[in-house]
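For reference, the structure discussed in these notes is given below.
The structure presented is a predicted model; accordingly, all values stated were derived computationally and were not measured.
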Amino acid sequence: MTDHLPDDRDAVREALIAWYEADHREFPWRRTDDAYRILVSEVMSQQTQLSRVEEAYADFLDRWPAVSDLASAERGEVVSFWSGHSLGYNNRAKYLHEAATQVVEEYDGEFPTDPDELQELMGVGPYTANAVASFAFDNGDAVVDTNVKRVLHRAFGVPDDDAAFAEAASALMPAGESRVWNNAIMELGGVACGQSPRCDEAGCPWRRWCRAYETGDFTAPDVPEQPSFEGSRRQFRGKVVRALGNHDELTLDELGPRIRVDYSPDGDGEGSRTWLRGLVDDLADDGLVEVAADDGGATRIRLRA
DNA sequence: TTCCGGCGGC
DNA sequence: GCCGCCGGAA
């Protein structure tokens, strides 16, 4: 059932890891292998944008630097810290405190290293257990979250099915390298292959294998079929210019999917070829782009020199 | 009785 | 993403 993956899996693996190691966002929790710290970051990340998490994470660890500190805190203190930092869902603070107590009382202060045991901790389900095992102990399996699903679906056509995603993700991960691998593939989903893809801008390492990059079909499980009022015309004009900056020349139908994920040549409404043509014509009138040859969908557009 | 999948609340 | 609850299956 791993027939979606390319033949040369090692090349795919190496390309991603090299891309990640060359450059990636530096989060404080990526610079530690302390299971307690990893757990705190994971619990916080499940509900808040990463930018807000950074501050709360630092303050939290400042106040309770080790799992034993958290375990001996009053539950009320932890909960009020949580709301004080607008982290929402106060139950999570309760669970985190309870998990710390479990580690101290049932595991003698040492986090278990296996995902199955980690799952015994309050508030820790399959996802979080695997994340902690990976990032703290390099002892996990492939993470499957919405980022990973989106990437696998687009790049290799893995069907929108939980079992298929789990199997493909696991088959692709280099054995015993869950720490770097999970960081890398989630970085890919966050930086290059988000809901609106940035393949060229982010230098996606998988372009040569990527089915979506080839076909222009960037649909994904978490991408709404018809995005609500997402972009202004002005925003789309910017995207056209940026896309043309990365390719000498594009046809309307090659350009479309790079501008908006719901592009479809048909019809004449928002996101249609007609709509895109109007956008391009305006840019041409402004002297920003030029129409190299006019041939319907194969109309070729380039940046004006 | 226990286990599992689905669903809603947090 | 996790928990808790529910109904149906074993």
* Kindly say whether the aromatic ring centers of A:Y36 and A:W64 come within a distance under 6.0 Å. => no
* Validation row, ring centre A:Y57 to ring centre A:W29 under 6.0 Å ->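 Centroid distance A:Y57-A:W29: below 6.0 Å, so yes.
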* Positive for side chain to side chain donor-acceptor pair (under 3.5 Å) with A:S134, one of A:D141, A:N139, A:N182, A:N183 ->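 Output: one option passes, namely A:N182.
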* Determine the sole option in A:D282, A:D294, A:D268 for which the side chain to side chain donor-acceptor pair (under 3.5 Å) test with A:R277 is passed. =>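 By the side chain to side chain donor-acceptor pair (under 3.5 Å) criterion, A:R277 pairs with just one of A:D282, A:D294, A:D268: A:D294.
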* Decide whether a cation-pi geometry holds between A:R208 and A:Y213; the criteria are a distance under 6.0 Å from NZ or CZ to the six-membered ring centre and an angle within 45° of the ring axis. => no
* Along DNA chain C, first and last positions that approach a heavy atom of chain A under 4.0 Å -> C:dG1 to C:dC3
* Asked: With A:R31, which residues qualify under side-chain hydrogen bond (donor to acceptor under 3.5 Å, both in side chains), at least two apart?
  ->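 By the side-chain hydrogen bond (donor to acceptor under 3.5 Å, both in side chains) rule, A:R31 matches no residue at all.
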* Go through the structure and list residues passing side-chain hydrogen bond (donor to acceptor under 3.5 Å, both in side chains) with A:R198, not counting sequence neighbours. => none
* Would you jot down, in residue-number order, the residues of residues 73-95 of chain A having a non-hydrogen atom under 4.0 Å from DNA chain B? => A:Y89, A:N91
* Contacting residues from residues 119-132 of chain A, given that a heavy atom lies under 4.0 angstrom of DNA chain B -> none
* Taking only residues two or more places apart in sequence or in another chain, which ones pass ring-ring contact (aromatic ring centres under 6.0 Å, His included) with A:H24? ->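 Partners of A:H24 by the ring-ring contact (aromatic ring centres under 6.0 Å, His included) criterion, ordered by chain and then number, come out as A:Y20.
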* Expressed in angstrom and rounded to an integer, what is the separation of A:D161 atom CG from B:dG5 atom P? -> 13 Å
